[in-house]
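What follows is a set of notes on a single structure, which appears directly below.
Being a predicted model, the structure only gives us computed values, none of them experimental. The first residue in the sequence is number 1, and the count goes up from there.
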Amino acid sequence: SKALKLYTKLAKIDSASLCQYIVGDMYFQGKGIECDYKIAESYFVESAYGGNPDAQNNLGYIYTYGIGTNKDFGKAKKYLNMAASQGHSQAQVGLGSLYRNGWGLSKDYRKALKLYKRAAAHNNTDALNNLGYMYALGYGTKKDSSMALYYIKKSAAQNNPIALFNLGLYYIKGYAVNKDLEEGAKYLTKVAQYGLSTAQFNLGLMYHYGKGVEHNDSMAVCLFKQASAQGHKLATDFLNDMEENKIKENIDSIFELKMI
């Protein structure tokens with residue numbers, strides 16, 4: 001495309017970190033050109049050393065999850081630190097998750113919590129949800145169900161898919177709120193539309209058993225198939241059981257509901 005040609009020319013200038021980032025992002029997302037993670041990575045590296053925090057954050061993401069390359073938590077930490085020190089809220093979340101999970105470094109919930117708080121100050125919805133997670137489980141702080149619910153609700157109000165799922169879980173399980181399956185189903189419905197397989201599976205169960213929604217096996221099968229297509233094993237198993245007319249007992253414990 002004309003835009004790609006123009007930005008590619010500009011990206012050859014040593015000081016053109018923004019253009020280097022834009023070209024890298026075009027290759028990374030396949031915008032007007034075939035997706036190529038290796039080329040994207042090379043442009044992001046140039047841009048990152050020019051001081052572009054978005055490029056630094058993207059490299060942190062690439063190396064954390066092994067997008068188009070091998071996972072390298074050392075490199076991930078390096079680039080996320082570079083971006084986080086410039087106040088990049090998503091990089092602060094990414095760095096916090098390295099500490100929370102102990103990926104390539106010693107697990108440190110307190111550092112994770114601090115980084116999430118910094119990002120949440122910029123209203124980063126991932127950080128808000130993650131703070132809810134930390135308060136719910138008492139990671140780096142005392143357990144506080146009220147604070148957990150506050151942060152999860154604040155994130156969900158901005159349609160963060162993970163927060164919507166977690167809030168649905170709260171209503172289905174009755175965590176810090178009155179148990180309300182109908183309300184829980186509403187949140188899972190929103191998340192299922194984003195393609196989250198665990199939401200699709202659990203909502204399918206609700207339709208199969210008529211919990212919080214009217215019984216509808218056609219809808220249940222549709223949701224199980226969506227989840228199964230993403231590799232959700234329980235959804236695949238449940239579909240097979242339905243085809244073989246194996247009826248599972250109607251109990252709440254079949255739900256695969258854990259905070260994410």
Evaluate the side-chain proximity of Q29 to D25: yes if any heavy-atom separation is below 4.5 Å, no if none is. yes
Answer with yes or no after comparing the ring centroid distance for Y109 and Y99 against a 6.0 Å cut-off, counting only values under it. no
Less than 4.5 Å apart, side chain to side chain, heavy atoms only: is that true for L223 and M219? yes
Does the side chain of N52 come under 3.5 Å of the side chain of Q20 through a donor N or O and an acceptor N or O? no
Hey, does I162 have a side-chain heavy atom less than 4.5 Å from the side chain of N166? yes
Centres of the F44 and Y21 rings: under 6.0 Å? yes
With R100 as the cation and Y133 as the aromatic partner, state whether NZ or CZ is under 6.0 Å from the six-membered ring centre and within 45° of the axis. yes
So, do F224 and F201 have ring centers that fall under 6.0 Å from each other? yes
Within the structure provided, determine whether L80 and Q56 are in side-chain contact (heavy-atom separation under 4.5 Å). no
Within the structure provided, determine whether L167 and L149 are in side-chain contact (heavy-atom separation under 4.5 Å). yes
Validation row: Y37, I62 side chains within 4.5 angstrom (heavy atoms): no
Under 3.5 Å: donor-acceptor pair, side chain of H122, backbone of S89: no
Is it true that N58 and E41 share a donor-acceptor pair across their side chains at a distance under 3.5 Å? no
Should R110 and T141 be marked as a side chain to side chain contact (heavy atoms under 4.5 Å, CB included) after you check the CA-CA gap, both sets of side-chain angles, and the distance that decides it? CA-CA 7 Å; R110 289 186 180 275; T141 184; over 6 Å; no
Within a strict 4.5 Å, meaning less than it, do heavy atoms of the I172 and K179 side chains meet? no
Going by distance alone, is a donor N or O of one side chain under 3.5 Å from an acceptor N or O of the other, for N129 and S155? no
I want to check something: taking the side chain as every heavy atom from C-beta on, are Y171 and Y187 in contact at a cut-off of under 4.5 Å? yes
